[in-house]
Number of protein chains: 2
Amino acid sequence: MAETRSRSNRHAGLEAGGILDRAIALARDEGADALTMRRLAAELGVATTSIYWHVGNREQLLTAMVQRHGERLAETPITGDTARERVLAVARLIWEGALADREITRLASSHGLSSLHAQHLELAMARELQEAGVVGESARDALRAITACVGGFIVAALLDDALPTDHRRTSVLAHLEDPGLDPTTRSALATSSHLPSLFDTTLQAVVDSLVPADLSANAYL
Amino acid sequence: MAETRSRSNRHAGLEAGGILDRAIALARDEGADALTMRRLAAELGVATTSIYWHVGNREQLLTAMVQRHGERLAETPITGDTARERVLAVARLIWEGALADREITRLASSHGLSSLHAQHLELAMARELQEAGVVGESARDALRAITACVGGFIVAALLDDALPTDHRRTSVLAHLEDPGLDPTTRSALATSSHLPSLFDTTLQAVVDSLVPADLSANAYL
DNA sequence: ACGAAGTCTGTGACGCTGTCCAAGAGAGCA
DNA sequence: TGCTCTCTTGGACAGCGTCACAGACTTCGT
């Protein structure tokens, strides 16, 4: 009965996995800023140093959190008739997964861990690219280009709901005087785009430019 | 002789502009992390509180820095035969300007000030879009999509040279096992793409999908 | 010429952060 | 019982942004 949970509950039953889950929950529920070592320790009813013992310092904590969270993102099945469509579908999965838990994404993005966060989905995209006939350096470059654009849209979406109103891009651009600019455009710039649909059309174009059209499904092999 | 420099050198000849320039230089020369209030004050030979007096708190300092730096970015003339080409040229200007002073870009990007940083160039892009016949909400959406992709590439480039080797994306992806993946692709994933050329081809595709081809230069008007 | 008003500067503190040393408590084994 | 290994803790350290307060200097009104 005391043997079952491995050998790690010597004192307080604290283990790395539980710390990570609690950290993820804390960031998701109360924002990325709420995730401090002390706050997380308090949440666990433990001294700060215990986190260091089990997980390591803050950077290691964030890395492990993002990795763990990223594994869950890759569980959704990929749908689509052609490989080309499935490439786009994976892009959409990255996008949706990132926005579903924005605070984790924010944490990952501000610490250069986005690649780690989406690594499994990127691998899935590499597989779909291969099935579409894109391999080797072309696959590497296609993957890079697509994920760069996806990442850009994610950052844009994160900024849209976290920025103080006075330097959102809508206000920034609208407050810039330009006599030559069409008044229709000018007033449109003060409103915000519908990012999900913009994401779809833009990434469609990017994927189409990088992945050849379906040559009855056997261009390579 | 003492009247010439306006009326602002009451005590130490300190003024907002000088503080901002020094802050920009400090960030550029010694990295974004070196820019602390105390460090900047020491650099200026002044107490920290003086910065608060002239510029404001850290967020206001960063905002003013980014704004000032962004104005200089917009001084480069825009070249290109068709309006469509000039849209791409502006995108390239944003990209190159951002990478020329990476530390400032890093500062802007990590504080949600990227729109502010590139605001003048974005306005220039709006003008070129208008000349290409894209106005109103279409212009707003095109601008948004293009800048999102540009931003994504910029973030990707910043990460490439600032990340510890062990969780760069090349290592991250290469260390992921997948039996079904083509060995050529697998080894290519361990190398890094040439971002500048990838940027060009990708943004070419994005712009082409959003901006109609040149209808002998007078589609609108 | 003298004092009041306004403008700028410096001192020093507050609460917060990540980090870690050194000491202790508990379990298992001899 | 005592030794060892694993885990937990308290408390400190240096650094950060921020600001209340008091002092110094200039300018102006009288």
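Naming: A, B, ... by sequence-line order, numbering from 1 per chain. The analysis underlying the following values was restricted to heavy atoms, covering all of them including side chains, and did not include hydrogens, waters or symmetry mates. These numbers were taken from a predicted model, which means no experiment stands behind them.
A:Glu59 has its CD atom 13 Å from the P atom of C:dG18, to the nearest Å. Distance CZ (A:Arg58) to P (C:dC20): 14 Å, rounded to an integer number of Å. Distance B:Ile51 CD1 to C:dG10 C1': 13 Å, rounded to the nearest Å. The distance from atom CG of B:Leu14 to atom P of C:dT7 is 16 Å, rounded to the nearest whole Å. When rounded to the nearest whole Å, the span between CD of A:Gln60 and C1' of C:dG18 equals 13 Å. Distance CH2 (B:Trp53) to P (D:dT18): 17 Å, rounded to an integer number of Å. For the pair A:His111 NE2 and C:dG18 C1', the interatomic distance rounds to 11 Å; values are reported in whole Å. In this entry the distance linking OH of A:Tyr52 with C1' of C:dT19 reads 5 Å, nearest Å.
With sequence neighbours left out, the ring pair (Phe, Tyr, Trp, His ring centres under 6.0 Å) criterion links A:Phe153 to A:Phe199. For B:Arg39, the salt bridge (charged side-chain N to carboxylate O under 4.0 Å, His left out) criterion is met by B:Glu30, B:Glu43, not counting sequence neighbours. For the side chain to side chain donor-acceptor pair (under 3.5 Å) test, residues two or more places apart in sequence or in another chain that qualify with B:His117 are B:His69. Taking A:Arg127 as the reference, B:Asp178 meet the salt bridge (charged side-chain N to carboxylate O under 4.0 Å, His left out) condition, with sequence neighbours excluded. Residues passing the salt bridge (charged side-chain N to carboxylate O under 4.0 Å, His left out) test with B:Asp33, sequence neighbours excluded: none. Taking B:Glu96 as the reference, nothing meets the salt bridge (charged side-chain N to carboxylate O under 4.0 Å, His left out) condition, with sequence neighbours excluded.
Taking the charged nitrogens against the carboxylate oxygens, A:Glu75 and A:Arg72 have no contact shorter than 4.0 Å, which rules out a salt bridge.
Applying the 4.0 Å criterion to OP1 and OP2 of C:dG10, one finds that B:Ser50 has a side-chain N or O inside that range. For B:His54 and C:dT7, the shortest distance from a side-chain N or O to OP1 or OP2 is not below 4.0 Å.
Remark: side-chain polar atoms of B:Arg186 are not paired, donor with acceptor, to backbone N or O of B:Pro179 under 3.5 angstrom.
A side-chain hydrogen bond (donor to acceptor under 3.5 Å, both in side chains) check over residues 143-153 of chain A, counting only residues at least two apart or in different chains, returns the pairs A:Arg144-B:Asp160.
Residue B:Ala47 has its side chain nearest to C:dG10 when only C:dT19, C:dG10, D:dT8 are considered. Of the candidates D:dT8, C:dT19, C:dG10, the closest approach to any side-chain atom of B:Val46 belongs to C:dG10. For B:Asn57, taking side-chain heavy atoms from C-beta onward, the closest of the listed nucleotides D:dG11, C:dC8, D:dT18 is D:dT18.
Near DNA chain C, defined here as any heavy-atom distance below 4.0 Å, the residues from residues 23-45 of chain A are A:Thr36, A:Met37, A:Arg38, listed numerically.
Axis deviation across the helix from C:dA1-D:dT30 to C:dC29-D:dG2 amounts to 30°, comparing end segments of five pairs, rounded to 10 degrees.
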